[in-house]
Amino acid sequence: MEIIIEEISRGHKLLGRHKFNKTSVNIGRGYHSDIILSDPHVCAEHISIDYDGENWRIIDQDSINGCFLGEGKKPAHGHIVHSGDVISIGKSQIRIVFPYHPVVDSITLSPFENLLNLTKQPAVLIINIFIFALLTGWIFFLNNPKEVNFTQLFVPAVGLTLMFAIWPLAVSLVSHLTKHDARIFTQLGICFVFYNLTWVIDFIEALVNFNTSSQFPLTGLLVLLPISIAFCLFWLNCHIGFHMSKLRRVVVAGCLTTLLFGGTFLIQLSKKPDFSVRPQFNSTLLTPTFMFAPSSNVDKFIENSNDIFQQVNKKKNEKN
């Protein structure tokens, strides 16, 4: 008679699975046990699961902390096992299933999953990281008023790239420590795709600000774009690295986004404005080729202005 015993966490996440084809399975902290638990609240010989010819039964081996059904306080000693039963042993839990236990239908790989797997391909990953480093060096060059050489651009570009790589590596580490699939390269690929999208959004924001005034309605919507990008990134981090429900994934992504932007906003509020004899102006400098509407030369501008004054004078004379 075969039996499958799964080691699970308090959240019913699978930690290990064992299959036996014998009539008695011993569970405890002793090294002679069939399943060895490292929980210090488990005795060397804690319980055994015995087959009596008709049913499997839980037998407590006079353990100190006992064994219980599920999360409750009902003792499990002598309990007839049903497939899917959860037994608490010390601060550990096991789940017992039989070979005929039903399993959920297989999930087909969606195009979305295939797209995620594409980002971990070495060529795609290297290109994304290279683009990010290149854009970082270019932005540093534009913001530096002094002349700089290649080495002075290379160091901050590589340093910032490594700093931004810490987040996907940290998510992968947490995923590994919680017994999930780390998927390091997928996390790196997705993060750098979204980092590059952030540069694109910054450019779009600068382009809109260059062509519109601060009262333009689209300016407010542009503020929501970085927040949406951050939320999607955190959502994908949870989707790739952790097995969790859709609702929990949304909640975690929302909390991380709120923490990121809310914390940044609070830091800005806490800073006291410093007086400067040379105030800083928020200006966007781009060439005329980035204008939505073509510009006019000085002569054309003066001609159009004179036409407007002539039209005003004509209407004034008509009223008089």
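Values below: all heavy atoms of this structure, side chains included; hydrogens, waters and symmetry mates excluded.
- For the pair K22/D34, a side-chain contact is recorded, criterion being any heavy-atom separation below 4.5 Å from C-beta on.
- N128 places none of its side-chain heavy atoms less than 4.5 Å from the side chain of T119.
- Looking at heavy atoms from C-beta onward, I59 lies in side-chain contact with Q61 at the 4.5 angstrom threshold.
- By the neighbour-count criterion of 12 heavy atoms within 6.0 Å, atom CD of E318 is densely surrounded, having more than that number from other residues, nucleotides or ligands.
- The backbone N or O of I80 lies less than 3.5 Å from a partner atom in the side chain of H82, making a donor-acceptor pair.
- A heavy-atom distance below 4.5 Å is found between the side chains of I87 and I96.
- Listed here is the closest heavy atom pair of H180 and G241: CB-O, 3.2 Å.
- Surrounding CZ of F98 are more than 12 heavy atoms belonging to other residues, nucleotides or ligands, all under 6.0 Å away.
- Proximity of a side-chain donor or acceptor of D50 to a complementary backbone N or O of I58 within less than 3.5 Å is not detected.
- Contact of the I27 side chain with the L37 side chain is registered, since non-hydrogen atoms from C-beta on lie closer than 4.5 Å.
- Here the side chain of S33 pairs no donor or acceptor atom with the backbone of I36 at under 3.5 angstrom.
- A donor-acceptor contact shorter than 3.5 Å is absent between the side chain of S175 and the backbone of V171.
- Annotation for C43 and I64: closest pair SG-N, 3.3 Å, computed over non-hydrogen atoms.
- Taking the side chain to side chain contact (heavy atoms under 4.5 Å, CB included) definition, one finds that L233 meets it with I190, C191, F194, Y195, N237, sequence neighbours left out.
- When atom types are taken as modelled, the side chain of N117 and the backbone of E113 share a donor-acceptor pair closer than 3.5 angstrom.
- Ring to ring, F112 and H239 are close: their centroids are under 6.0 angstrom apart.
- The closest donor-acceptor contact from the side chain of N313 to the backbone of Q310 lies at 3.5 Å or more, if one exists at all.
- No donor-acceptor distance shorter than 3.5 angstrom exists from the side chain of D60 to the backbone of H77, with no hydrogens or angles considered.
- No side-chain heavy atom of C255 sits under 4.5 Å from any side-chain heavy atom of F234.
- In this structure, the side chain of R95 does not engage the main chain of G84 through any donor-acceptor pair within 3.5 Å.
- Under a cut-off of 6.0 angstrom, the local environment of CZ in F231 is crowded, with over 12 non-hydrogen atoms contributed by other residues, nucleotides or ligands.
- With hydrogens and angles disregarded, a donor-acceptor distance shorter than 3.5 Å links the side chain of R249 to the backbone of M244.
- Without hydrogens or angle criteria, R57 side chain to G78 main chain gives a donor-acceptor distance under 3.5 Å.
- By the neighbour-count criterion of 12 heavy atoms within 6.0 Å, atom CD of E45 is sparsely surrounded, having that number or fewer from other residues, nucleotides or ligands.
- More than 12 heavy atoms of other residues, nucleotides or ligands sit less than 6.0 Å from atom NE2 of H18.
- The shortest heavy-atom contact between D39 and S92 is OD2-OG, 3.0 Å.
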